[in-house]
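The chains referred to below are lettered A, B, ... by the order of the sequence lines, with proteins before strands, and numbering in each begins at 1.
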4 protein chains.
Amino acid sequence: MLRYLTAGESHGPALTAIVEGMPSNVPLDAADIDADLVRRMGGYGRGGRMKIEEDAVEILGGVRHGKTLGGPIALVIRNRDWANWRATMAPDAAAARQAPERPPMTRPRPGHADLAGGLKYDHHDLRNVLERASARETAARVAVGAVCKCLLREFGVRVIGHVVEMGGIRAHTERLAAAEIADLAEGSPVRCADPAATRRIMAKIDEAQARGTSLGGVFEVVVLGAPVGLGTHVHWDRRLDGRLAQALMSIQAVKGVEIGPAFDVARAWGCDVQDEIRYRAGGSGDAYSRGFYRETNFAGGLEGGMTTGQPIVLRAAMKPISTQHRPLLSVDVVSKEASRAGVERTDITAVPAAAVVGEAVVAFEMARALREKFGGDSLAEMRRNYTGYLDHLGAW
Amino acid sequence: MLRYLTAGESHGPALTAIVEGMPSNVPLDAADIDADLVRRMGGYGRGGRMKIEEDAVEILGGVRHGKTLGGPIALVIRNRDWANWRATMAPDAAAARQAPERPPMTRPRPGHADLAGGLKYDHHDLRNVLERASARETAARVAVGAVCKCLLREFGVRVIGHVVEMGGIRAHTERLAAAEIADLAEGSPVRCADPAATRRIMAKIDEAQARGTSLGGVFEVVVLGAPVGLGTHVHWDRRLDGRLAQALMSIQAVKGVEIGPAFDVARAWGCDVQDEIRYRAGGSGDAYSRGFYRETNFAGGLEGGMTTGQPIVLRAAMKPISTQHRPLLSVDVVSKEASRAGVERTDITAVPAAAVVGEAVVAFEMARALREKFGGDSLAEMRRNYTGYLDHLGAW
Amino acid sequence: MLRYLTAGESHGPALTAIVEGMPSNVPLDAADIDADLVRRMGGYGRGGRMKIEEDAVEILGGVRHGKTLGGPIALVIRNRDWANWRATMAPDAAAARQAPERPPMTRPRPGHADLAGGLKYDHHDLRNVLERASARETAARVAVGAVCKCLLREFGVRVIGHVVEMGGIRAHTERLAAAEIADLAEGSPVRCADPAATRRIMAKIDEAQARGTSLGGVFEVVVLGAPVGLGTHVHWDRRLDGRLAQALMSIQAVKGVEIGPAFDVARAWGCDVQDEIRYRAGGSGDAYSRGFYRETNFAGGLEGGMTTGQPIVLRAAMKPISTQHRPLLSVDVVSKEASRAGVERTDITAVPAAAVVGEAVVAFEMARALREKFGGDSLAEMRRNYTGYLDHLGAW
Amino acid sequence: MLRYLTAGESHGPALTAIVEGMPSNVPLDAADIDADLVRRMGGYGRGGRMKIEEDAVEILGGVRHGKTLGGPIALVIRNRDWANWRATMAPDAAAARQAPERPPMTRPRPGHADLAGGLKYDHHDLRNVLERASARETAARVAVGAVCKCLLREFGVRVIGHVVEMGGIRAHTERLAAAEIADLAEGSPVRCADPAATRRIMAKIDEAQARGTSLGGVFEVVVLGAPVGLGTHVHWDRRLDGRLAQALMSIQAVKGVEIGPAFDVARAWGCDVQDEIRYRAGGSGDAYSRGFYRETNFAGGLEGGMTTGQPIVLRAAMKPISTQHRPLLSVDVVSKEASRAGVERTDITAVPAAAVVGEAVVAFEMARALREKFGGDSLAEMRRNYTGYLDHLGAW
């Protein structure tokens, strides 16, 4: 089974990830990963840090001469700002006896892990919490997701993240093919495929900055090319819908997830939101259920916890970043006196970046689902099993 | 770690569940479980089956004289309709040679697992899929959840499921305390705490029946009494927000999940949706973060993937049941000819029942989170650890 | 991934197991399971209980008309003695108010879970521990193993357990083929393939009975037909050697495990215990590494945590049953006074039965390894993937 | 739950490990880890590499100012020989176009993962297998174990590995206390606490070298200070005996594991190998079952899969290193012609080093068992829970 662990603090030496369970002989290069790390750093409305960090991955294991070996893959992303934080964040005890560059952080920021984490882990210096809770950690997940995308690519599966709503402004992309959406979003400063909406969102971000506040939004992750039958209905924890929901909800600041237009569908008459089943002899190139197809996709590509062969359409609601220009009311955890929340460097919005993180966590779950269904230890074996399955679908 | 497996088909002999990881000496009686099984069967708009099945659990292991032993707990719920399905669903091969009561089911129902499951598991008789994919399986999850509630009860944690929207009609419960919501919902035929909305929803259900269609909706699950610091920010797959999202999204027909009013919050200015932190010396009885408190709860009780000590507020969007009075277009999987979808007994809506299932899956995740934080093998040990933690919070 | 849970107490209503992760369409009948349940009950030197229990499984889910459905499989084995234990072991609290048939058990038996379990789970009535710790639980594991054997059978994998040493008497089976060993062991009252050793062991058992004591021994589990490359070297917890060791060591009273003649090999010169690699063009029918073969098998069929295609040879050392005719010294856990250990019905030896349990736990691990390598959701898909792999081996 | 992943090849850039699930505020310094890395490198009979490496860990996350933060801990050990292997082992594809320092390795070494791994992962250059299968990987596990020892230290748990037999020469340590064994073994060039045996073993190693062959042996791992009740009898995969067996069997070249003198006990009369239970009011300082004690320890510290409070005594049988001075018969996997096995740098014996690896894997399992029983997120919380349990034992 595919699995991974990540480690690392926002201002520590590095972020580290290990991915275990990839087959051998999958083409994989650091550049594949770096491209997504750069995509994650972008977005109109980001703060200063993005300019400091020029993230790049170092592969420390599991890959040789541009191909996976079949063993665990180790990834390290150095924190470039580390030089300025050595005394504050040094792993060794000796550093604690030096003067740290920064005092302890004792005023928890509402909306962050600071307070609950301090109480839970018994840290009065809340830096011990926030350094790990920071969305900086998503760089490691993006790296893991990029590794997974290299596998998905071999099976024609593509994952596209884009912003569909910010500050109440909705993008209109109904008439666009997914590939067009990907291209347009890539060119938009807010990763939005609707140029008119892009402009209005940028203005809204400017307004938020002027007001000293922040913006949330909704991003969509679309998966193309997944064959019918990934995930399963037979046990709750193997359903792909649940796993994708967990993956997206586990992104910092994401508080809502829907598959297809779920909250709208919940309000409709049943007869108006069904995806009737049709069949075309001979199958079709872009339908991965070989002959069977639908003309609608209210289900968002998942029925009974399984892929239907249609595009998977996921949406995630991200709250506005909690840090405000004028810090919120808080309480000093040492003195217990009312105070303003501590300040960490922040953005006005990070929804465009979160869409890239969304791609990554979805890519991992899709790769995991492929691994579970097709098994195999080498790319050739996995592909042989996959092809055999497609042939079975065609003959079923 | 707390874990469970369920098994069983809708018209097979029984549903079975095993729950592993409960501490010893937790009071637990079959009646505790049966009460929730009955609650799950209710709801205006259910079809005929609910009258047939008078679900009751048989405890086959792990409990002695009304208390858990510390070992795995086995639960069996007999399918009362089994007598009428013996030849159709018998486990043994001999039965296949008899005349089954029913022919194979070969016309997949849109919106169900039928087609994807048939292709995946190589079943042309789609009964082999739908019998397991059926929401009948949730009876087993409700039984597991009821076991978990017995543990939660010992720690003052309560889980309340109720319907907040159906057919576009929203309940207004903003001014009600959670305990009132629970009482009112329990008395409502549609598990809705707003009597006016209940009446309108019932009329809407009648209208749906007259139109030959179905209704979806949104239910809310509220968790009261969870101490601050369950779940964690340190690794994505241990975040409680993600786990709760998976749990809810894995319920049949649930397609969307939000924590607090997430999709609304995503549209707001950041400054308008923050939960500022305040402190009251001496703590308070109903706040589980000992002194620290908030006057709002936009976060829905979770920050950084951890409980804040406030109520956890989760909402799940359920699609209208896919089966329609006039069957949808489909394709016979043997002949590949266009046909109408097969018909299985169904309801007009099951949102009220789903709210009970939602309680169950949330109860499991809360119990799991408690087990992870407080460890312990007996109830006394777990409680001692819990009390020690509350004392620590008070002194922090 | 293949997984299972078991539940149930020795004198409770039943043992229950759920197996999750089997592919669909595997032929499986209750008779397949019952046959192994009966084999487990045999063996010269068993006590009275074996005559009471005529174990038979009831399949409650996951199987239809003699084939697996692809969903979880539920198995229940009723405890036939239950009628005599109702008040003592009833799940419901009401029973506790009746006069139980037996008083609390407060004198822990050395060598059993009684004392550690009582302290850990806070049970002063040690029956609450011993009922689950009892080797009676292995009936559930044998049932699970029998399900796994049904899958292994489809891939030509056979698992054979037999006794190789008891009371210091070693069986000589060096010149026998594995199939002969299986047949001879099946016919031996002590599951030993060497008739001379069988006679001597039976005499030794008689002697033990006369002395009022018990006997341990060593059983061997051989796996035939496993293809090369199950398990993996890439991560410690996926190595098949480690998993098989855990499976065997987790059997009640097993305290040692070796792969091949490990403790002897550890004493030899390196040059004397190597399995040199040879090749025969065209492969061979009984070698599962397609052409590559060895003339020795010091490695016991596993190199680098992976199968080599040779027979897997595992040996497990079982301690003598701890209960003695004259109870051992112990301490009453309530009064803390020295006393003799409590008495539960027991055997003189259970090594022959343990060999059947050994088959079961090894069968599970082999099935799991096959599932991981070959994936697939139906038997046809899994077989297609398996065949493709064998073809790859032939062409490599 | 405590878990870890490792990555890295023998001659790649580095070994990497991530440990997830440690509580916060545990004192931990790189020096703690380095000390064990150096211990692993020692041992009479090692080859040349040990002089090159001088392993040292870099902590990249999870530790600040000498204390754990509660998040995942990232560890990197650079391979110092990497400079000489860059073209051969580079992760990037570009390197493959340069002239590698070494040709492909196509002649599998018997006794290693080479052949099975090549067939499984579809690698004809067996370096792609052996680089990960190499015992070099154990450096990462030793680092992980050292982290776990830092936790165990806080609970008075000590893990001692020492060699008890090599080349058929047995050490006599029956009269030594565990602490003496630790000291004596630490001073022995073959990590053996019996000075006479040390001398004879060293001579045997010299003889093996003269013969051009290798030596195996048996090492023992003793755990002191574990409280009664770690592990559990309630489910097979949570039994501590099985987990410890898996951990030890997963060490490269280990083929046998026993708990206490298991294979000898299996040959004895039952009455001669029991650990009768006694009680001394007031408990005792070094017995972790508070009052209850034994005068013997045939059980090796584990009954019913749980700790008894006595020392845990584990023994592992290691086969002689497979590589011989005169390479063994093999087959070139490309030409399929008979040939001599390829040659990788090797040792005459590595049993003394394996004893250190044994400490590490046992330390991990003990830490995991402590985490499961005592839960908690900070060291203070875990200790509070632990102390509460000891008090409960005293009052039970």
Side-chain angles (χ1 to χ4, degrees), chain A residues 108 110-113 115-117 119-120 132-133 168 213-214 216-218 228-229 233-234 236 239 241-243 245-246 249-250 255-260 262-263 265-267 269-271 273-277 279 292 303-304 306 308 317-322 324 328-331 336 393 396, chain B residues 108 110-113 115-117 119-120 132-133 168 213-214 216-218 228-229 233-234 236 239 241-243 245-246 249-250 255-260 262-263 265-267 269-271 273-277 279 292 303-304 306 308 317-322 324 328-331 336 393 396:
Chain A
H112 287 271
L115 180 58
L119 288 158
K120 177 184 181 77
R132 177 67 189 159
T213 191
S214 57
V218 179
V228 66
H233 65 288
V234 301
W236 76 275
R239 290 177 68 105
D241 46 11
R243 287 186 176 179
Q246 178 183 16
M249 195 71 97
S250 73
K255 304 289 282 188
V257 177
E258 60 178 354
I259 300 172
F263 281 90
V265 163
R267 289 175 192 115
W269 291 115
C271 50
V273 289
Q274 301 300 328
D275 304 311
E276 294 189 310
I277 298 174
Y279 184 77
F292 296 97
E303 283 179 344
M306 287 173 282
T308 61
M318 189 181 194
K319 68 177 181 180
I321 285 173
S322 299
Q324 305 293 308
L328 300 168
L329 281 184
S330 184
V331 176
K336 302 294 189 303
L393 294 181
W396 190 71
Chain B
H112 287 272
L115 180 58
L119 288 158
K120 177 184 180 76
R132 176 68 190 158
T213 191
S214 58
V218 179
V228 66
H233 65 288
V234 302
W236 76 274
R239 292 177 67 105
D241 45 12
R243 287 186 176 180
Q246 179 184 16
M249 195 71 96
S250 73
K255 304 288 282 187
V257 178
E258 60 179 352
I259 300 171
F263 281 91
V265 163
R267 290 176 191 114
W269 290 116
C271 49
V273 289
Q274 302 300 329
D275 304 312
E276 294 189 310
I277 298 172
Y279 184 79
F292 297 96
E303 284 179 344
M306 287 173 283
T308 61
M318 189 181 194
K319 66 177 181 179
I321 285 175
S322 299
Q324 305 293 307
L328 299 168
L329 280 183
S330 184
V331 175
K336 302 295 189 302
L393 294 181
W396 190 68

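Each of His112(B), Arg267(B), Glu258(B), Arg239(B) has some count of heavy-atom pairs under 4.5 Å with chain A, and the biggest count is that of Arg267(B). With chain A as the partner, the residue from Ala113(B), Gly242(B), Gly216(B) showing the most heavy-atom pairs under 4.5 Å is Gly242(B). Between chain A and the residues Leu329(B), Ile259(B), Asp275(B), the largest count of heavy-atom pairs under 4.5 Å involves Leu329(B). Of all the listed residues (Pro110(A), Ala262(A), Gly229(A)), the one sharing the greatest number of non-hydrogen pairs under 4.5 Å with chain B is Pro110(A).
Looking at Ile321(A), the atoms closer than 4.5 Å to chain B (heavy atoms on both sides) all sit in the backbone: N, CA, C or O. In this structure, the portion of Thr213(A) lying under 4.5 Å from any heavy atom of chain B is its side chain and not its backbone.
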Item to check | Derivation of the side chain to side chain contact (heavy atoms under 4.5 Å, CB included) call for Lys336(A) and Phe292(B) | outcome: CA-CA 9 Å; Lys336(A) 302 294 189 303; Phe292(B) 297 96; 4.1 Å; yes
Item to check | Step-by-step side chain to side chain contact (heavy atoms under 4.5 Å, CB included) determination, Val265(B) to Lys255(A) | outcome: CA-CA 9 Å; Val265(B) 163; Lys255(A) 304 289 282 188; over 6 Å; no
Next on the checklist: Using the rule given for side chain to side chain contact (heavy atoms under 4.5 Å, CB included), can you reason through Lys319(B) versus Val273(A), listing the C-alpha separation, both sets of side-chain angles and the distance that settles it, and then say yes or no?
Outcome noted: CA-CA 9 Å; Lys319(B) 66 177 181 179; Val273(A) 289; 6.0 Å; no
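Checking side-chain atoms of Glu303(B) against main-chain N and O of Gly111(A) turns up a donor-acceptor pair under 3.5 Å.
Shown here are the side chain to side chain donor-acceptor pair (under 3.5 Å) partners of Ser330(B), two or more places apart in sequence or in another chain: there are none. For the side chain to side chain donor-acceptor pair (under 3.5 Å) test, residues two or more places apart in sequence or in another chain that qualify with Lys120(B) are Asp377(C).
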